[in-house]
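Protein chains get the first letters and strands the later ones, always in sequence-line order, with residue 1 at the start of each. Note that the coordinates shown come from a computational prediction; the quantities given were computed from them, not determined experimentally.
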Amino acid sequence: MTILEVPTPHDITEPALAGTTETMVLNMGPHHPSTHGVLRLVLELDGEIVISAAPDVGFLHTGIEKNMESKTYQKALVMTDRMDYLAPLSNNLCYALAVEKLMQVEIPERVQVIRVLLVELQRISSHLVWLGTHALDLAAMSVFLYAMREREQILDIFELVSGARMMTSYIRIGGLAYDITADFLPTVDALVEVMPSRIDEYEDLLTGNPIWLERTVGVGAIDGTSAVAYGLTGANLRATGVPYDVRKAQPYSGYETYEFQVPIGKNGDIYDRYRVRMAEMRQSVLICRQAVERLRAIGPGPYVTPDRKVAPPPKSEITHSMESLIHHFKLWTEGFKPPVGDAYVSIESPRGSLGCYVVSDGGPKPWRVHFRSPSLINLQGLHHMAKGRLVADLVALIASLDPVLGEVDR
Amino acid sequence: MDNQTIRDRLQAQFPQAILAVSERFGDLSVTLRREDLLAVVTWLRDHPEVPYDFLEHLSGVDYLGRTPRFEVVIHLMSLRYLHRICLKVTAPEDDPHVPSLTPLYPTANYQERETWDLLGIVFDGHPSLQRILMPDDWIGHPQRKDHPLGEEEVAFTFNQERIYAQKPFAKE
């Protein structure tokens with residue numbers, strides 16, 4: 001078995017500064033358009049061949065986990081939006097599920113269906129940004145414009161329900177922030193209706209495109225065993241043929257009741273990751289269809305848990321019920337107190353298996369919150385995939401791993 | 001694969017290593033003796049029937065005021081049986097050392113570096129235990145509970161001399 005190493009920037013710069021190497025050291029980033037944020041790579045090059053690639057992260061570290069420790073559980077949720085800013089609803093859901101597990105809150109079925117619907121829309125929108133920027137990195141300009149067109153449509157849906165396009169904070173502990181509006185379902189219908197044909201459009205532009213194939217097939221391949229050892233998750237792992245998807249492996253929010261497939265690849269190269277993500281978008285559309293049907297069948301209903309110790313009462317109740325006023329006051333001044341203990345939850349975010357570990361000391365603020373950020377862990381495989389390839393392939397490789405630096409650094 | 005089977009097997013194999021076992025919300029969590037961590041994890045990873053081949057999550061918690069103060073939390077996953085097990089190891093304040101799992105699972109590399117950087121728990125045997133999120137010259141470990149949240153005073157004309165005098169960059 002080959003040794004799976006993850007070099008650090010110092011491993012490359014120190015021998016170079018000491019003058020003991022014959023190779024060239026190149027600094028790529030943190031301000032580089034193809035690093036998708038502030039990722040710095042230290043490259044050791046022999047001509048144009050990459051010998052070693054060491055990611056240097058931390059430029060966007062904002063201490064989100066530390067900050068969450070000084071806020072009550074509900075207020076800390078707002079911080080989670082800022083981690084993976086391409087999929088804020090997935091982050092909201094992960095944190096909310098962890099706290100709900102700690103408190104053993106029952107979530108009404110209608111809320112779960114809305115959550116699944118929104119998170120799947122989020123997956124499509126996040127994959128659209130990946131697709132657009134990935135293609136842009138390989139000089140296919142038009143795909144980006146098409147992808148942004150559909151992403152706008154999805155962001156409009158988020159704006160419709162939450163009032164915000166990106167930092168939604170819509171999925172709250174115990175349910176949702178507000179109820180969905182009357183024109184929510186028709187708007188989702190319109191998107192779900194056009195989406196399959198739009199995905200066909202992107203595939204027409206790329207899937208058989210000789211330049212695209214030249215740049216992606218066989219580039220940056222990794223085998224399944226190494227991918228598991230490096231801890232890759234999400235489409236990066238499934239492209240190697242390992243069918244691990246948290247939605248199937250450990251279903252949450254009622255995913256076990258939806259019919260969908262987990263697309264997998266074979267070679268684990270950039271092209272397979274592309275195919276897997278494209279197929280995932282189609283599956284997400286299917287899930288959205290089922291969720292919309294269910295939501296129609298359920299009709300109007302609660303949007304938070306009836307447990308007033310966790311979720312605030314509706315505004316209309318506060319004006320004429322003393323208990324509701326007390327609950328509201330207690331929740332927003334003191335917060336709720338989960339029992340002492342810890343809980344770990346993982347969900348399938350667009351980037352991979354996003355985990356949240358929450359520790360409660362019995363007080364109204366979390367003692368410790370830690371996120372297993374798939375972007376950070378996926379980056380560990382970069383050296384293995386880039387070794388022996390050209391610098392130009394590295395650009396395609398970073399895009400295909402789909403890291404979001406906000407989540408890498410937290 | 002259910003929790004009880006794994007629990008019985010672990011207890012039969014390592015009776016002395018296991019300090020506590022708990023099952024909450026259906027999750028199996030085992031607290032181990034620090035010196036036995038590597039043996040238990042190797043056994044779990046190479047188990048012929050239920051190999052825990054995927055290290056999903058590794059992190060630490062600072063229980064300030066409790067002895068031992070630090071706890072390292074590891075979530076292992078078996079991709080074949082889709083079963084997750086949580087392992088916990090504690091380390092005292094004056095000796096915050098825990099054996100590194102990076103030789104067994106390369107994915108632990110960044111997660112251990114992050115835990116060291118933010119909590120100051122040293123992972124013995126890690127190939128390159130360097131800071132990852134904080135700058136290399138940072139002093140302290142910011143996610144320790146006794147590390148203040150901190151703030152930076154904003155420099156105006158009336159106080160900039162006093163503030164700049166304490167900042168290394170402003171002296172040149």
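Nearest heavy atom pair, residue Leu133(B) against residue Val408(A), reads CD2-O, 4.0 Å. Here the closest non-hydrogen pair linking Ala229(A) and Pro106(B) is O-CD, 3.5 Å.
Checked against side-chain contact (heavy atoms from CB on, under 4.5 Å), Ile51(A) has the following partners two or more places apart in sequence or in another chain: Thr23(A), Glu44(A), Asp46(A). Lys337(A) is linked by a side-chain hydrogen bond (donor to acceptor under 3.5 Å, both in side chains) to Glu334(A), counting only residues two or more places apart in sequence or in another chain. For Ala39(B), the side-chain contact (heavy atoms from CB on, under 4.5 Å) partners at least two apart in sequence or on another chain are Phe14(B).
Among Leu79(B), Leu118(B), Leu104(B), Leu64(B), the residue making the largest number of heavy-atom pairs under 4.5 Å with chain A is Leu79(B). Between chain B and the options Pro243(A), Pro55(A), Pro7(A), the largest number of non-hydrogen pairs under 4.5 Å is found for Pro55(A).
Residue Leu58(B) touches chain A through its backbone alone, counting heavy-atom pairs closer than 4.5 Å. Proximity to chain B (any heavy atom under 4.5 Å) is restricted, for Val359(A), to the side chain, taken from C-beta onward. For Ile377(A), the part lying under 4.5 angstrom from a heavy atom of chain B is the side chain only. Looking at Ile132(B), the atoms closer than 4.5 Å to chain A (heavy atoms on both sides) sit in the backbone and in the side chain alike. If you measure heavy-atom distances from Leu102(A) to chain B, the contacts under 4.5 Å come from both the backbone and the side chain. Residue Leu119(B) touches chain A through its side chain alone, counting heavy-atom pairs closer than 4.5 Å.
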Find the N and O donor-acceptor pairs between chain A and chain B that sit under 3.5 Å apart.
from: Thr8(A); atom 1: OG1; to: Gln130(B); atom 2: OE1; distance (Å): 3.2
from: His10(A); atom 1: NE2; to: Asp136(B); atom 2: OD2; distance (Å): 2.7
from: Glu65(A); atom 1: OE1; to: Gln143(B); atom 2: NE2; distance (Å): 3.4
from: Lys66(A); atom 1: NZ; to: Pro142(B); atom 2: O; distance (Å): 3.0
from: Lys66(A); atom 1: NZ; to: Arg144(B); atom 2: O; distance (Å): 3.0
from: Lys66(A); atom 1: NZ; to: His147(B); atom 2: O; distance (Å): 2.9
from: Glu69(A); atom 1: OE1; to: Lys145(B); atom 2: NZ; distance (Å): 3.2
from: Lys101(A); atom 1: NZ; to: Asp27(B); atom 2: OD2; distance (Å): 2.5
from: Ala229(A); atom 1: O; to: Thr107(B); atom 2: N; distance (Å): 3.0
from: Tyr230(A); atom 1: O; to: Thr107(B); atom 2: OG1; distance (Å): 3.2
from: Gln250(A); atom 1: OE1; to: Arg84(B); atom 2: NH1; distance (Å): 3.3
from: Gln250(A); atom 1: OE1; to: Arg84(B); atom 2: NH2; distance (Å): 2.7
from: Val340(A); atom 1: O; to: Arg24(B); atom 2: NH1; distance (Å): 3.1
from: Val340(A); atom 1: O; to: Arg24(B); atom 2: NH2; distance (Å): 3.3
from: Asp342(A); atom 1: OD2; to: Lys88(B); atom 2: NZ; distance (Å): 2.7
from: Ser346(A); atom 1: OG; to: Glu56(B); atom 2: OE2; distance (Å): 3.2
from: Ser346(A); atom 1: OG; to: Arg84(B); atom 2: NH2; distance (Å): 2.9
from: Ser353(A); atom 1: OG; to: Glu56(B); atom 2: OE2; distance (Å): 3.4
from: Trp367(A); atom 1: O; to: Lys145(B); atom 2: NZ; distance (Å): 2.7
from: Trp367(A); atom 1: NE1; to: Asp62(B); atom 2: O; distance (Å): 2.9
from: Arg368(A); atom 1: NE; to: Gly60(B); atom 2: O; distance (Å): 2.6
from: Arg368(A); atom 1: NH1; to: Gln143(B); atom 2: OE1; distance (Å): 2.6
from: Arg368(A); atom 1: NH2; to: Ser59(B); atom 2: OG; distance (Å): 3.1
from: Arg368(A); atom 1: NH2; to: Gly60(B); atom 2: O; distance (Å): 3.1
from: Arg368(A); atom 1: NH2; to: Gln143(B); atom 2: OE1; distance (Å): 3.4
from: His370(A); atom 1: ND1; to: His57(B); atom 2: NE2; distance (Å): 3.0
from: His370(A); atom 1: NE2; to: Glu114(B); atom 2: OE2; distance (Å): 3.1
from: Arg372(A); atom 1: NE; to: Glu56(B); atom 2: O; distance (Å): 2.4
from: Gln380(A); atom 1: OE1; to: Tyr110(B); atom 2: N; distance (Å): 3.0
from: Gln380(A); atom 1: NE2; to: Thr107(B); atom 2: O; distance (Å): 3.1
from: Arg410(A); atom 1: NH1; to: Glu114(B); atom 2: OE2; distance (Å): 3.1
from: Arg410(A); atom 1: NH2; to: Glu114(B); atom 2: OE1; distance (Å): 2.9

